[in-house]
Amino acid sequence: MSAAVSVIRLPGRIANTMRRWAVAWWRIIYLGAVVLVLMLSPSSYNRVTRWRLARHMYLETAPILIGHTLLAALLSLVITHIVSVTAMSYGLSRYALEMVIRVLVLELIPLTAALFVAMRATIPNGTQLALMQQSGHLDALRSRGADPIRVELLPRVVAGMYASITLAALSCVVALVMAYVGVYGLNLAGLPLYTRMFGHVFTPQITFVFAFKTVFFSLAIALIPMAEGLYSQPNPDRQRERDSELGGLARMFAVLLLIEAASLVGNYY
């Protein structure tokens with residue numbers, strides 16, 4: 001009997017799931033449009049907002065900058081050594097360094113920086129925003145005539161994007177230096193070949209795709225956790241609340257995967 005009831009209710013459950021899925025994505029798209037408009041509006045950067053923005057930019061970038069840079073340097077040395085030894089064993093050593101730069105700098109570093117910032121900064125900020133929503137702090141701001149999106153959400157989104165782009169840019173520079181050191185050592189003998197190969201890899205098209213991917217990675221990891229926090233509602237069902245949180249993470253990873261797929265298509269097809 002219970003199996004028959006479950007089968008009868010299945011279409012309703014599917015419809016409710018699809019409705020929640022569509023509402024969640026619509027909220028992300030709508031909030032993204034609002035945030036982009038506010039980011040481009042000079043009126044968004046008054047004295048209070050500038051102070052909040054500077055504070056969040058420092059708190060979300062400085063504590064993780066050194067750790068991520070050291071991790072990128074270590075990862076670069078290890079990957080460079082593995083690829084160089086493997087390529088040498090197959091007689092392909094002339095392609096080893098180009099392969100390292102394409103895999104490490106173009107693909108791994110931007111994604112690693114985005115995920116690092118998401119785990120250390122933007123996801124906790126989304127949780128803070130959810131707690132503000134549930135405690136009534138955002139409603140109190142509205143009652144005083146302030147815009148919660150402009151006051152609380154915008155500085156966190158901009159700071160998350162800044163942290164992701166900063167970590168990606170710095171880690172790419174470190175990776176390029178470590179790749180050179182791993183192949184040529186601490187001398188300048190291979191610098192002409194290295195710069196020629198660098199120019200061969202970073203064509204205008206690939207540079208544009210790389211910048212596009214880095215910026216949209218940063219926007220995704222900064223915006224989606226904030227949307228989940230802003231639109232969160234108190235729910236006594238802990239299992240449903242955990243499912244909602246996992247759904248937000250799944251949406252973020254899905255967007256990152258789509259951006260990565262689009263960049264691969266732009267680079268190699």
Side-chain angles (χ1 to χ4, degrees), residues 13-45 49 52-53 56 60 110-111 113-115 117-119 121-134 138-139 141-142 146-165 168 208-235 240-266:
R13 292 178 180 177
I14 295 176
N16 288 334
T17 301
M18 295 298 294
R19 181 182 60 82
R20 289 196 301 268
W21 179 84
V23 169
W25 281 110
W26 169 249
R27 286 172 172 174
I28 291 172
I29 295 171
Y30 172 76
L31 185 62
V34 172
V35 168
L36 287 177
V37 170
L38 291 177
M39 286 173 58
L40 299 176
S41 175
S43 61
S44 300
Y45 303 98
T49 306
R52 287 178 177 270
L53 179 59
H56 281 289
E60 295 177 18
L111 182 59
L115 291 176
V117 174
M119 297 302 173
T122 59
I123 292 177
N125 276 339
T127 303
Q128 291 178 5
L129 204 64
L131 294 176
M132 292 179 187
Q133 174 72 10
Q134 296 172 12
L138 301 185
D139 292 332
L141 289 176
R142 294 187 185 97
D147 184 3
I149 295 179
R150 192 188 300 265
V151 174
E152 295 290 352
L153 188 140
L154 181 63
R156 287 175 167 82
V157 171
V158 175
M161 293 182 63
Y162 173 80
S164 179
I165 294 173
F208 172 78
V209 173
F210 175 76
F212 164 88
K213 176 171 65 174
T214 303
V215 171
F216 277 83
F217 272 170
S218 66
L219 181 60
I221 60 99
L223 180 64
I224 295 176
M226 297 301 109
E228 298 297 327
L230 181 66
Y231 294 112
S232 65
Q233 297 294 333
N235 196 334
R240 185 169 295 181
E241 186 175 348
R242 284 194 294 269
D243 291 343
S244 178
E245 293 173 355
L246 292 176
L249 291 177
R251 281 185 284 273
M252 186 184 73
F253 285 118
V255 172
L256 294 178
L257 181 61
L258 289 175
I259 296 171
E260 180 65 29
S263 72
L264 291 174
V265 171

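All heavy atoms count here, side chains included; hydrogens, waters and symmetry mates do not.
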Kindly indicate, with the supporting measurements, whether the criterion side chain to side chain contact (heavy atoms under 4.5 Å, CB included) is fulfilled by Leu256 and Leu115. CA-CA 9 Å; Leu256 294 178; Leu115 291 176; 3.7 Å; yes
Verify side chain to side chain contact (heavy atoms under 4.5 Å, CB included) between Leu230 and Met132, making sure each step is shown before the conclusion. CA-CA 9 Å; Leu230 181 66; Met132 292 179 187; over 6 Å; no
Dump the intermediate steps for side chain to side chain contact (heavy atoms under 4.5 Å, CB included) on Met252 and Ile123, then the final yes or no. CA-CA 10 Å; Met252 186 184 73; Ile123 292 177; 4.2 Å; yes
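Pro110 and Ala168 make their closest contact through CA-CB, 4.3 Å (heavy atoms, listed as atom of the first residue, atom of the second, distance). Here the shortest heavy-atom pairing between Ile221 and Ser164 reads CD1-CB, 4.1 Å. Closest of all the heavy-atom pairs between Met119 and Phe253 is CE-CZ, 3.9 Å. Across all their heavy atoms, Ile259 and Ala220 have their closest contact at CD1-CB, 4.4 Å. Of all non-hydrogen atoms in Leu138 and Leu129, the two that sit nearest each other are CD1-O, 4.3 Å. The nearest pair of heavy atoms linking Ala118 to Thr122 is CA-OG1, 3.0 Å.
Between the side chain of Ser44 and the backbone N or O of Leu38 there is at least one donor-acceptor pair closer than 3.5 Å.
In this structure, Tyr231 and Gln133 have side chains that are not in contact, with every pair of non-hydrogen atoms separated by 4.5 Å or more.
Going from atom CZ of Phe216 over to atom CZ of Phe212 covers 4.5 Å, rounded to the nearest 0.5 Å. Here the straight-line distance linking atom OG of Ser41 with atom CG of Leu36 works out to 12.5 Å at 0.5 Å rounding. One finds the CD atom of Glu228 at 10.5 Å from the OG1 atom of Thr127 (value rounded to the nearest 0.5 Å).
When the options Asp147, Ile149, Ile29, Leu154 are evaluated for a side-chain contact (heavy atoms from CB on, under 4.5 Å) with Val34, the one that passes is Ile149.
Taking the salt bridge (Lys or Arg N to Asp or Glu O under 4.0 Å) definition, one finds that Arg150 meets it with nothing, sequence neighbours left out.
Checked for salt-bridge contact, Glu60 and Arg156 miss the test: no charged N lies under 4.0 Å from a carboxylate O.
In this pair, Trp25 and Trp21 present their aromatic rings perpendicular. The plane angle is above 60°, beyond the 30 to 60° band.
When the shell of 6.0 Å around CZ of Phe210 is examined, it contains more than 12 heavy atoms from other residues, nucleotides or ligands.
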